[in-house]
Engineer: 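Sending over a structure as structure tokens; questions will come in a sec.
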Amino acid sequence: AQTVTQSQPEMSVQEAETVTLSCTYDTSESNYYLFWYKQPPSRQMILVIRQEAYKQQNATENRFSVNFQKAAKSFSLKISDSQLGDTAMYFCALTGTASKLTFGTGTRLQVTL
Amino acid sequence: DGGITQSPKYLFRKEGQNVTLSCEQNLNHDAMYWYRQDPGQGLRLIYYSQIVNDFQKGDIAEGYSVSREKKESFPLTVTSAQKNPTAFYLCASRIGVTSNQPQHFGDGTRLSIL
């Protein structure tokens, strides 16, 4: 069984500041993939960034980057230069060879002026 | 535009009634998924299908049924056996069965009990 834990139910950040969302996971597989999804108030699920476990280099997508610590089974998301449009629920997710995606319980991020 | 279409957006179920949620994709994706989302919880997998005429149970399949007669379509039926069906339901698809491809999601259906 695989599990994903997000220990921060809610976070707040001021516009233009940087925020880091935490995620830890557990899996018995050696080959797996990690994702961060964003769910704005519209409820649509939007892929933010993904990381292959076999790659040591941390993934980056514009203002979004991850800190992937494989030994610690940690996969945090850093959002730089936060914008009002970043306000959303953020879900960390894990998938292995079984094609199933396991989600964490989410972190609600509020970006304020 | 390619995408995933879920309908209806809102659905109401009476006691003892079966209801069917529609999910159609024109992305030519092989795999399709159904998730349930409850407040304060992440998404939980109900059923998934990696190929036409084949599907597997997810973590919370009891009270639900699916079919995959066409590649583009993966309807979910919420049966009367599902005693707590009120939730937000999301359908997703993926281009292949390899894990490095992300899942793409529809806009969801909110199901409520009358």
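Keep in mind that the numbers below use all heavy atoms, side chains included, and drop hydrogens, waters and symmetry copies. Order of the sequence lines fixes the chain letters, A, B, ..., with proteins taken first and strands second; residue numbering starts at 1 for each chain.
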Engineer: Using the rule that Ile, Leu, Val, Met, Phe, Trp and Tyr join whenever any side-chain heavy atoms are under 4.5 Å apart, tell me whether Leu21(A) and Val4(A) fall into a single cluster.
Structural biologist: yes
Engineer: Looking at chain A, which one of Gln56(B), Arg110(B), Arg44(B) has the largest number of heavy-atom pairs inside 4.5 Å, strictly under?
Structural biologist: Arg110(B)
Engineer: If you take all heavy atoms of Gln37(B) and Phe91(A), which pair is closest and at what distance?
Structural biologist: NE2-CZ, 3.3 Å
Engineer: Is there a donor-acceptor contact under 3.5 Å from the side chain of Tyr48(B) to the main chain of Leu101(A)?
Structural biologist: no
Engineer: Treating Ile, Leu, Val, Met, Phe, Trp and Tyr as nodes and any side-chain heavy-atom pair under 4.5 angstrom as an edge, say whether Phe64(A) and Leu94(A) lie in one connected cluster.
Structural biologist: yes
Engineer: At a 4.5 Å cut-off on heavy atoms, which part of Leu45(B) comes close to chain A: side chain, backbone, both, or neither?
Structural biologist: side chain
Engineer: Return the option, out of Met89(A), Gln39(A), Gln44(A), with the maximum number of heavy-atom pairs under 4.5 Å with chain B.
Structural biologist: Gln39(A)
Engineer: Other residues, nucleotides and ligands only: do more than 12 of their heavy atoms fall within 6.0 Å of NZ on Lys70(A)?
Structural biologist: yes
Engineer: Taking a hydrophobic cluster as the set of Ile, Leu, Val, Met, Phe, Trp and Tyr residues connected by side-chain heavy atoms closer than 4.5 Å, whether directly or through intermediates, do Leu90(B) and Val19(B) fall within one such cluster?
Structural biologist: no
Engineer: Chain B heavy atoms under 4.5 Å from Arg43(A): which part of the residue, side chain, backbone, both or neither?
Structural biologist: both
Engineer: Phe68(A) and Val48(A): same hydrophobic cluster, using ILVMFWY side-chain contacts below 4.5 Å?
Structural biologist: yes
Engineer: Group every Ile, Leu, Val, Met, Phe, Trp and Tyr by side-chain heavy-atom contacts under 4.5 Å, then state whether Val52(B) and Tyr33(B) land in the same group.
Structural biologist: no
Engineer: Rounded to the nearest 0.5 Å, what separates atom CD in Gln101(B) from atom OG1 in Thr95(A)?
Structural biologist: 11.0 Å
